[in-house]
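To start, the structure under review is shown below, and the notes come after it.
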Amino acid sequence: MANLEDFDWGKFESQGFGGAYSPAERAEMEQMYADTLNTVQEEEVIKGTVVGITDRDVILNIGFKSDGLVPVSEFRDMPDLKIGDEVEVFIEDQEDPNGQLILSRKKAKIVKAWEMIYGALENDTVLEGVVKRRTKGGLITDLYGVEAFLPGSQIDVKPIRDFDIYVGRKMEVKVVKINAAFDNVVVSHKVLIEKDLEQQRAAILNNLEKGQVLEGVIKNMTNFGVFIDLGGVDGLLHITDISWGRINHPQEVLELDQKVNVVVLDFDDDKKRISLGMKQLTAHPWDALPAEVEVGSRVRGKIVNVADYGAFLELMPGVEGLIHVSEMSWSQHLRNPQDFIKQGDEIEAVVLTMDRNDRKMSLGIKQLTEDPWTKEDVLTKYAVGTKHTGVVRNLTNFGLFIELEEGVDGLVHVSDLSWTKKIKHPSEFVKVGDRLDVVVLELDAAARRLALGHKQLEENPWDTFATVFNVGSTHKATVLEKSDRGATLELPYGIEGFAFPKGLVKEDGSPVEAGEQVEFKVTEFSKEDRKIILSHTAVHTAQPEDAKRKKFEKKDAPAAGAPKAAAAPATPKKEEVRSTLGDLDALSALKDQMMESEKEAGEKKLAAAAQARASKSTDAADADTTESAE
């Protein structure tokens, strides 16, 4: 070691700091110093060494001119961190206002994560993430610090009903889409399962054949059936192939995720559609139907379906019979089956036909009661002349059908509804559902036929009309309607008459119009044809009887100015003539008196009948009102 006393301090001070180095030595020293430092750039990920740990920060040496600080909170996933460990960090700022190097481990992890995500998408590799939470339509998965969206449809090959069971679990996924503009990542777990199922699906399809029994899991339910996962291949189990009995929805007997055994019923050539059955694994209920169930026997069951044409009675699950609507009542008028029975009713029926080979049977419930036409009292109960009250069930152009009791109907011809009114269609008189009093006109029990009448309940008023509306009598009448053929007139007591056009001329020459009420004279009366012909013209053109007589007497008297003949004894012949004329006048007066008396009697009789009908109608209306109130 050199002696300090021999050191030239003056020379040293005159050269200044570093002046003792030659240019070569100085360059060598600078190179040595530069080799100890790294060139770093901001927003770059590099490795650093832990050189110190405090309560707040971790001190890292990245080979820069100064050490960097990273918050301890960013190392929570590394509880065993110690001095000397190497970690990757992100350079946020080479020098802050305090001259401090700013680093971030969190951002370094995100940058690395994105590199791995892009690499997984390009290389079709699998990543492992952790499900953080559920969201609308799927799950949020953490991929090394980056949140990725896992749609519900991409979780599994079968529909997932509860997403919460996956929260907190690790799951392998594949990246299927990246939106760089919004940093969105979409992943799928389903594609991994599908790859695993490809071999299994191929094995199932290659060995698939009709009649094969397979085990599957119910994947989805609809109102027409269920879809069953057969291990990568889906098959449809139709609702009609679930049970031999009738069910309204598969959920009545099956549950989601339930394991079931099914048999292959059919599939297409591409094996894309597979039809499955479950009831076919059990014996058909018809095979267990007791032998005593045969035509004519009584059975009991439950109504499982009601249609427009009838109802189905289930004797036991899988064994049903049809009750046609015509077999529900002895009535000839078919009605809605809902009027007799409803779904869910438990009833008794009689077996009408049965075919065990085709597994079909028809049933009837009207056969439980006696046919009303075969009863012993039918001939006396509905004898000709008996009176009844029935319900109008149907209207036709020629009449109406009345139901006297269930199964017993009768026809009332349109001509048998009224004595006085000319009814063109029964709807002018009654409507369906009305109750009508009738009398039996004809009975044919063998043919199940009744002829009924309504007008026959009253005496034929035409016998009385003959005395009131005799030829030559005048009456006030109202013109109801008018046509080229003539006019229909409304006469007293509800009777109708007819006037030809020539009888509708007034005294002033103008015609009688519809709606007018004027005097009409009866010109023709026919009780058999129930026809009255009248004329208004005859009223003002007719000559009084006394004028006729005077004209007749004047014709027999001698002309004025003629010489009077010599008086001669009256001959018996002349006296006989005078006597005959007198007698004729007396007879005529007597006849008029008798006709007037008959007319008055007839009018009284018709008035009494009208009052009786009005009273009867009032009583019927009161009865209907009381019945409705009850």
Is any side-chain heavy atom of [Y] closer than 4.5 Å to one of [X]?
{"X": "Asn220", "Y": "Val226", "value": "no"}
{"X": "Glu327", "Y": "Ile365", "value": "no"}
{"X": "Met354", "Y": "Leu289", "value": "yes"}
{"X": "Asp241", "Y": "Leu276", "value": "no"}
{"X": "Val131", "Y": "Ile140", "value": "no"}
{"X": "Glu314", "Y": "Glu346", "value": "no"}
{"X": "Leu143", "Y": "Val187", "value": "yes"}
{"X": "Asp345", "Y": "Lys302", "value": "no"}

Could you tell me which non-hydrogen atom of [X] sits nearest to which non-hydrogen atom of [Y], and how far apart they are?
{"X": "Leu192", "Y": "Glu172", "value": "CD1-O, 3.3 Å"}
{"X": "Gly433", "Y": "Val391", "value": "O-CG1, 3.9 Å"}
{"X": "Leu400", "Y": "Pro426", "value": "CD2-CB, 3.9 Å"}
{"X": "Phe340", "Y": "Ser329", "value": "CE2-CB, 3.5 Å"}
{"X": "Ile341", "Y": "Ala311", "value": "CD1-CB, 3.5 Å"}
{"X": "Val350", "Y": "Gly296", "value": "CG1-O, 4.0 Å"}

**OP:** Before giving the answer on salt bridge (Lys or Arg N to Asp or Glu O under 4.0 Å), spell out for Asp234 and Lys219 the whole-Å C-alpha distance, their side-chain angles and the decisive distance to 0.1 Å.
**Re:** CA-CA 8 Å; Asp234 291 345; Lys219 179 179 179 180; 2.6 Å; yes
Donor-acceptor pair, [X] side chain versus [Y] backbone, under 3.5 Å?
{"X": "Trp244", "Y": "Lys279", "answer": "yes"}
{"X": "Ser362", "Y": "Thr353", "answer": "yes"}
{"X": "Asp355", "Y": "Asp358", "answer": "yes"}
{"X": "Asn123", "Y": "Thr125", "answer": "no"}
{"X": "Glu252", "Y": "Asn248", "answer": "yes"}
{"X": "Gln154", "Y": "Pro151", "answer": "no"}
{"X": "Asp162", "Y": "Asp164", "answer": "yes"}
{"X": "Trp330", "Y": "Pro372", "answer": "no"}
{"X": "His189", "Y": "Met171", "answer": "no"}
{"X": "Lys366", "Y": "Ser326", "answer": "yes"}

**OP:** Check step by step if side chain to side chain contact (heavy atoms under 4.5 Å, CB included) holds for Val306 and Gln338.
**Re:** CA-CA 7 Å; Val306 180; Gln338 293 280 2; 3.8 Å; yes
**OP:** Please test Met278 against Leu237 for side chain to side chain contact (heavy atoms under 4.5 Å, CB included), starting from the C-alpha separation and ending with a verdict.
**Re:** CA-CA 8 Å; Met278 194 166 68; Leu237 174 61; 4.1 Å; yes
Original post:
Yes or no on side chain to side chain contact (heavy atoms under 4.5 Å, CB included) for Met361 and Leu315, after CA distance, side-chain angles and deciding distance?
Top reply: CA-CA 11 Å; Met361 72 169 69; Leu315 280 60; 4.1 Å; yes
**OP:** Check whether NZ of the Lys or CZ of the Arg Arg273 lies under 6.0 Å from the centre of the six-membered ring of Phe267 and within 45 degrees of that ring's axis.
**Re:**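 Here Arg273 fails the 6.0 Å and 45° test against Phe267.
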Point-to-point distance, once rounded to the nearest 0.5 Å, from [atom1] of [X] to [atom2] of [Y]:
{"X": "Arg133", "Y": "Asp142", "atom1": "CZ", "atom2": "CG", "value": "10.0 Å"}
{"X": "Ile165", "Y": "Arg134", "atom1": "CD1", "atom2": "CZ", "value": "10.5 Å"}
{"X": "Phe227", "Y": "Thr222", "atom1": "CZ", "atom2": "OG1", "value": "5.5 Å"}
{"X": "Phe312", "Y": "Ile323", "atom1": "CZ", "atom2": "CD1", "value": "10.0 Å"}
{"X": "Lys136", "Y": "Phe149", "atom1": "NZ", "atom2": "CZ", "value": "10.5 Å"}

Original post:
Can a salt bridge be assigned to the pair Glu320 and Arg359 using a cut-off of 4.0 Å between side-chain N and carboxylate O?
Top reply: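 Between Arg359 and Glu320 there is no salt bridge, as every charged N stays at least 4.0 Å from the carboxylate O atoms.
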Original post:
Could Arg393 and Asp409 be called an ion pair, given the rule that one side-chain N must be under 4.0 Å from one carboxylate O?
Top reply: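 Salt bridge absent between Arg393 and Asp409.
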**OP:** Please step through side chain to side chain contact (heavy atoms under 4.5 Å, CB included) for the pair Val185 and Val175, ending with a clear verdict.
**Re:** CA-CA 7 Å; Val185 182; Val175 179; 4.0 Å; yes
Subject >> Positive for side chain to side chain contact (heavy atoms under 4.5 Å, CB included) with Ile247, one of Ile242, Val304, Leu254 >> reply: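 Looking at Ile242, Val304, Leu254, the match for Ile247 under the side chain to side chain contact (heavy atoms under 4.5 Å, CB included) is Ile242.
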Original post:
Should the pair Tyr118 and Trp114 be assigned to parallel (<30°), tilted (30 to 60°) or perpendicular (>60°) ring geometry?
Top reply: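 Judged by the thresholds at 30° and 60°, the geometry between Tyr118 and Trp114 is tilted.
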Original post:
Can you tell me if Asn305 and Gln343 form a side-chain donor-acceptor pair at under 3.5 Å?
Top reply: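 Not at all, the side chains of Asn305 and Gln343 share no donor-acceptor pair under 3.5 Å.
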